[in-house]
Amino acid sequence: MIRIGAAFIDNRWTVGAGRSVVAINPTTLEPCAEVQFAQPAEIDGAVRAAAAAFPGWSALAREERAAALTRLHAVLEERSEIFVRAMAEEIGSPLWFGRAIQMGMPLANLKIAIDSITTRFDDEKVGSSLVVREPVGVVAAITPWNAPVHQIVAKVGAALAAGCTMVLKPSEVAPVTASLFADAIKDAGIPEGVFNIVFGDAEAGRALVAHPLTAMVSFTGSTAVGRAVAAIAAEGTKKVTLELGGKSAAILLDDGLVDAAVAAILRLCFSNSGQICVAHSRFLVPRHLVEQAHELCRRHVSDWTLGDPADERTRLGPVATKAQYERVRRYIQKGIEEGATLLTGGADPVAGLPGYFIRPTIFTNVTPEMTIAREEIFGPVLSILPYDTVEHAVQIANSVPFGLSGGIWSNDRQHATAVARRMRTGQVAINGAPQNLATPFGGYGDSGYGRENGHYGIEEFLQYKAIHGVA
Ligand code: NAD
């Protein structure tokens with residue numbers, strides 16, 4: 001079993017006197033890592049290290065910071081398969097998803113951050129004034145467990161490119177990937193103190209946000225915790241970005257593409273066992289196409305073989321934790337109690353698989369008022385909601401407090417784009433188009449505020465200064 005120290009400060013691991021917790025492999029239910037939680041002195045030490053490194057790092061030319069991040073990219077790329085295997089073990093993410101998304105996205109994202117910092121952000125002349133952008137300062141970054149490397153890199157790439165230094169509190173559920181990332185930082189020669197980690201749970205997160213030397217909070221996680229974090233940050237007048245939950249809708253328009261839509265929507269809902277913030281968990285289908293959609297769902301769901309995530313043939317692994325397993329099963333039960341029709345799947349344990357496995361589950365005849373149509377389940381559960389007119393579909397799509405992602409399926413791209421404009425959400429994919437990582441990513445409403453990715457993500461870590469009378 002891997003043992004991980006409480007903190008990574010100035011590129012060195014510390015072992016403190018705090019309590020330890022054991023991370024469980026969700027496939028075997030065996031312990032896979034033991035991580036020690038940081039205590040207040042270590043959290044203070046990590047923030048002070050980041051504050052001490054800030055003047056030097058922020059003063060570097062943008063090209064020098066880009067060069068350091070390019071070295072980090074090379075180390076991450078070289079170790080990619082190690083990360084993929086670690087995520088299969090610690091959160092049950094299948095190898096195919098690990099390679100394509102869990103590592104594919106951060107590697108692409110980091111490259112875009114490197115390109116952006118060297119090609120944008122020049123000072124601007126406005127009349128006789130100069131507008132310059134300066135890094136905000138020490139960033140407190142808090143991340144969840146479901147895409148642990150991607151969420152860390154989305155913050156690290158942008159914050160470090162901008163000239164900020166940081167302390168990360170990764171999820172206690174996925175400590176191994178976070179520790180592998182810290183080792184990569186050191187081996188890439190990122191200067192001491194620029195990136196630091198403290199391990200822990202809510203208590204460590206709160207201490208980091210409240211620390212007087214953290215100037216900004218970049219949070220990814222649930223809506224409830226995001227609100228709590230923002231409330232603490234407000235006490236210190238800190239800048240905050242929140243990447244929160246979602247309940248995204250995929251709207252099938254009335255002009256064909258049913259087969260392609262169903263296969264892709266199952267992928268967009270079930271990948272990583274539904275534990276993706278942008279999961280298309282609501283499928284809005286014209287009423288007269290519902291029967292056809294059912295038939296296709298039954299056919300395509302058989303592609304989603306459950307099994308050991310470390311097996312190349314597995315499409316769907318377990319959910320990551322016992323809490324998640326119980327939560328998803330409760331939602332499935334709730335769907336049945338509230339009158340939705342179970343088309344396939346269900347909450348029963350899966351024979352022959354001892355871990356936290358949940359079968360890909362599809363409900364139909366779901367109405368917009370039902371709990372499963374309103375709340376984020378974060379599991380492999382799709383709800384089919386019939387609709388009558390496009391107006392009705394847009395109204396259903398916009399009827400939840402979240403707004404993170406969404407999709408439109410249509411042969412008419414112009415019409416699809418017009419409908420996409422009416423959806424109150426941070427991104428919309430037409431006909432399953434992949435997310436373009438150079439564009440802004442973030443939420444409306446309860447899905448949060450602030451943006452990640454591309455130069456938009458870097459901008460969040462910068463602040464403007466106007467210098468008047470330069471000429
Ligand atoms: P979570 O909110 O429980 O935890 C997120 C992080 O916050 C963890 O590191 C946790 O230890 C820490 N934390 C918990 N309570 C805290 C507190 N009171 N103060 C400070 N820190 C605290 O979320 P999770 O279960 O780890 O992740 C799942 C959630 O994350 C889902 O809602 C999902 O939609 C969301 N998510 C959003 C995005 C996005 O980009 N919008 C991406 C991935 C996941």
Side-chain angles (χ1 to χ4, degrees), residues 8-11 46-73 75-76 106 109-125 130-143 151-169 181-182 184-186 188-197 208-209 211-220 233 236-241 438 440 450-467 470:
F8 178 80
I9 302 172
D10 280 332
N11 289 1
V47 176
R48 287 186 187 283
F54 179 72
W57 181 252
S58 58
L60 288 181
R62 285 176 288 158
E63 289 70 21
E64 290 178 79
R65 293 200 297 269
L69 290 173
T70 303
R71 295 196 300 274
L72 176 63
H73 185 278
V75 175
L76 292 174
N109 221 334
L110 191 52
K111 247 200 158 51
I112 294 168
I114 293 163
D115 291 347
S116 301
I117 197 62
T118 45
T119 54
R120 290 176 180 261
F121 307 109
D122 288 339
D123 297 347
E124 288 169 53
K125 201 70 195 307
L130 194 65
V131 177
V132 300
R133 278 171 269 207
E134 298 185 339
V136 173
V138 175
V139 175
I142 300 180
T143 52
Q151 282 134 6
I152 292 172
V153 169
K155 298 186 188 315
V156 171
L160 267 52
C164 292
T165 57
M166 63 193 292
V167 181
L168 168 74
K169 195 213 77 64
F181 183 82
I185 285 273
K186 182 175 178 202
I190 304 291
E192 290 176 7
V194 169
F195 170 87
N196 308 274
I197 289 188
L208 191 57
V209 172
H211 196 290
L213 293 180
T214 55
M216 173 173 169
V217 182
S218 175
F219 175 84
T220 300
T237 331
K238 299 180 189 200
K239 189 171 180 181
V240 179
T241 60
R451 292 294 180 265
E452 289 193 325
N453 298 352
H455 67 88
Y456 307 93
I458 297 174
E459 270 164 28
E460 298 285 357
F461 295 96
L462 293 166
Q463 55 196 345
Y464 287 109
K465 175 187 280 178
I467 306 174
V470 292

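By the 4.5 Å heavy-atom criterion applied to side chains, Ile185 and Leu72 are counted as neighbours. By the 4.5 Å heavy-atom criterion applied to side chains, Phe121 and Glu459 are counted as neighbours. Side chains of Phe219 and Val240 form no contact here, defined as non-hydrogen atoms less than 4.5 Å apart. Side-chain contact check for Val132 versus Leu130: some heavy-atom pair is nearer than 4.5 Å. In this structure, Leu168 and Ile152 have side chains that are in contact, with non-hydrogen atoms separated by less than 4.5 Å. Two residues are said to be in side-chain contact when any heavy atoms from C-beta on lie closer than 4.5 Å; Val470 and Ile467 meet this criterion. For the pair Leu76 and Phe181, the minimum side-chain heavy-atom distance is below 4.5 Å.
The backbone N or O of His455 sits nowhere less than 3.5 Å from a side-chain atom of Arg120 that would complete a donor-acceptor pair. In this structure, the side chain of Asn196 engages the main chain of Met166 through a donor-acceptor pair within 3.5 Å. Between the side chain of Arg62 and the main chain of Ala161, no donor-acceptor pair closer than 3.5 Å is present. Glu64 places a side-chain N or O within donor-acceptor distance of the main-chain N or O of Ala61, the cut-off being under 3.5 Å. Listed for the Thr165 side chain is a donor-acceptor partner under 3.5 Å among the backbone atoms of Ala50. Looking at Glu452, its side chain never comes within 3.5 Å of a backbone N or O of Ala154 through a donor-acceptor pair. The backbone N or O of Pro440 lies less than 3.5 Å from no partner atom in the side chain of Arg451, so there is not a single donor-acceptor pair. Checking side-chain atoms of Trp57 against main-chain N and O of Leu160 turns up a donor-acceptor pair under 3.5 Å. At least one donor-acceptor pair closer than 3.5 Å links the side chain of Lys238 to the backbone N or O of Val209. The backbone N or O of Val136 lies less than 3.5 Å from no partner atom in the side chain of Lys239, so there is not a single donor-acceptor pair.
Of all heavy-atom pairs between Ile458 and Ala113, the closest is CD1-O, 3.6 Å. When all heavy atoms are compared, the tightest approach of Ile197 to Ala182 is CD1-CB, 3.9 Å. Contact record, Phe461 with Ala158: CE1-CB, 3.6 Å, taken as the closest heavy-atom pair. Across Gly163 and Ser58, no two heavy atoms sit closer than the pair O-CB, 3.4 Å. Looking at every heavy atom in both residues, Pro191 comes nearest to Asn11 through C-ND2, 4.1 Å. The minimum heavy-atom distance linking Ala159 with Val139 is given by the pair CB-CG2, 4.5 Å.
Heavy-atom neighbours of Lys125 NZ from other residues, nucleotides or ligands within 6.0 Å: above the threshold of 12.
Salt bridge Asp122/Arg133: absent, no basic N to carboxylate O contact under 4.0 Å.
To the nearest 0.5 angstrom, Thr214 atom OG1 is 6.0 Å from Leu208 atom CG. Within the model, atoms NZ of Lys111 and OG of Ser116 stand 12.5 Å from one another, a figure rounded to the nearest 0.5 Å. Rounded to the nearest 0.5 Å, atoms CE (Met216) and CG (Leu462) are 9.0 Å apart. A distance of 5.5 Å separates CD1 of Ile114 from CG of Leu69, quoted to the nearest 0.5 Å.
If you check the side chains of Asn109 and Asn453, you find a donor sitting under 3.5 Å from an acceptor. For Lys155 and Thr220, the side-chain atoms include at least one donor-acceptor pair closer than 3.5 Å.
Between Phe195 and Phe8, the ring planes lie tilted relative to each other; the angle falls in the 30° to 60° range.
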Salt bridge (charged side-chain N to carboxylate O under 4.0 Å, His left out) evaluation trace for Lys186 with Glu192: CA-CA 8 Å; Lys186 182 175 178 202; Glu192 290 176 7; over 6 Å; no
